[in-house]
Amino acid sequence: MSSKEFMRKEFTLNLDSLTDLEEFVRLLISKISADVDGCYEHQIVDAKSFIGMVSISTHPVTVRINSDDEKEVELFNGICSRYSYSR
């Protein structure tokens, strides 16, 4: 199995701390050029928008990268691993 098979494009994250949320959005803006969506139930927001993410971040948020670039997906995996949600 190649490393590409292990690269995830979707994560459920715990971003209920404004400090964590601000850092997460800042990292996405500075490191990821692709679009990233933040989702909670039927709401979908731009994950690079602090205001958009604040509106859904009181719940576990699903984030999804829209890229097939392996290096970018790898960076996304590294960023998301810092904020993973555990029940």
Side-chain angles (χ1 to χ4, degrees):
M1 293 186 158
S2 72
S3 64
K4 189 172 185 176
E5 293 178 49
F6 293 106
M7 290 289 105
R8 294 173 51 193
K9 291 187 175 187
E10 185 174 296
F11 290 84
T12 300
L13 307 179
N14 179 15
L15 296 169
D16 59 353
S17 156
L18 287 178
T19 303
D20 286 349
L21 178 60
E22 182 179 13
E23 181 183 59
F24 176 75
V25 170
R26 183 182 50 77
L27 286 168
L28 287 183
I29 291 168
S30 66
K31 306 263 185 213
I32 306 292
S33 64
D35 288 337
V36 180
D37 296 325
C39 310
Y40 174 71
E41 291 185 347
H42 66 279
Q43 297 174 312
I44 301 173
V45 300
D46 179 355
K48 294 180 182 180
S49 163
F50 182 76
I51 299 297
M53 289 295 284
V54 162
S55 71
I56 63 172
S57 67
T58 57
H59 309 280
V61 174
T62 300
V63 291
R64 186 177 312 119
I65 188 170
N66 299 306
S67 176
D68 289 325
D69 181 289
E70 190 173 336
K71 289 187 187 289
E72 198 161 56
V73 173
E74 187 176 347
L75 275 171
F76 178 71
N77 276 250
I79 293 168
C80 291
S81 68
R82 301 176 186 190
Y83 308 98
S84 23
Y85 172 73
S86 58
R87 295 182 180 180

[X] to [Y] - nearest heavy-atom pair and separation:
X   : Y   : answer
G52 : S55 : O-OG, 2.5 Å
I44 : C39 : CG1-SG, 4.0 Å
L15 : M53 : CD1-CE, 3.7 Å
R8  : V73 : O-CG1, 3.6 Å
G38 : V61 : CA-CG1, 4.2 Å

How long is the span from the [atom1] atom in [X] to the [atom2] atom in [Y], to the nearest 0.5 Å?
X   : Y   : atom1 : atom2 : answer
S84 : N14 : OG    : CG    : 9.0 Å
L27 : C80 : CG    : SG    : 10.0 Å
S57 : L18 : OG    : CG    : 6.5 Å

(message) Under the ring-ring contact (aromatic ring centres under 6.0 Å, His included) definition, can you give me all pairs with a residue in residues 7-36, not counting sequence neighbours?
(response)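 Counting only pairs at least two positions apart or across chains, the ring-ring contact (aromatic ring centres under 6.0 Å, His included) contacts touching residues 7-36 are F11-F76, F24-Y83.
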(request) Output all residues satisfying side-chain hydrogen bond (donor to acceptor under 3.5 Å, both in side chains) with E74, sequence neighbours left out; order by chain, then residue number. (result)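 None.
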(request) Sequence neighbours left out, what passes side chain to side chain contact (heavy atoms under 4.5 Å, CB included) with S17? Give chain and number order. (result)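 Scan of S17 (side chain to side chain contact (heavy atoms under 4.5 Å, CB included), adjacent residues dropped) gives T19, D20.
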(message) Just to verify, what does E10 make a side chain to side chain contact (heavy atoms under 4.5 Å, CB included) with, not counting sequence neighbours?
(response)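 E10 satisfies side chain to side chain contact (heavy atoms under 4.5 Å, CB included) with T62, R64 once adjacent residues are dropped.
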(message) Has K9 got a side-chain atom pairing as donor or acceptor with S67's backbone, closer than 3.5 angstrom?
(response)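 Yes.
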(message) Taking side chain to side chain donor-acceptor pair (under 3.5 Å) as the cut-off, I'd like each qualifying pair that reaches into residues 30-46, sequence neighbours left out, listed once.
(response)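 Output for this query lists S33-E72, D37-N66, Y40-H59.
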(request) Would you check if V45 and I51 make a side-chain contact, meaning some heavy-atom pair closer than 4.5 Å? (result)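 With C-beta onward as the side chain, the pair stays apart.
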(message) Within the 4.5 Å heavy-atom criterion, are I79 and I32 side-chain neighbours or not?
(response)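 SC-SC contact between I79 and I32 confirmed.
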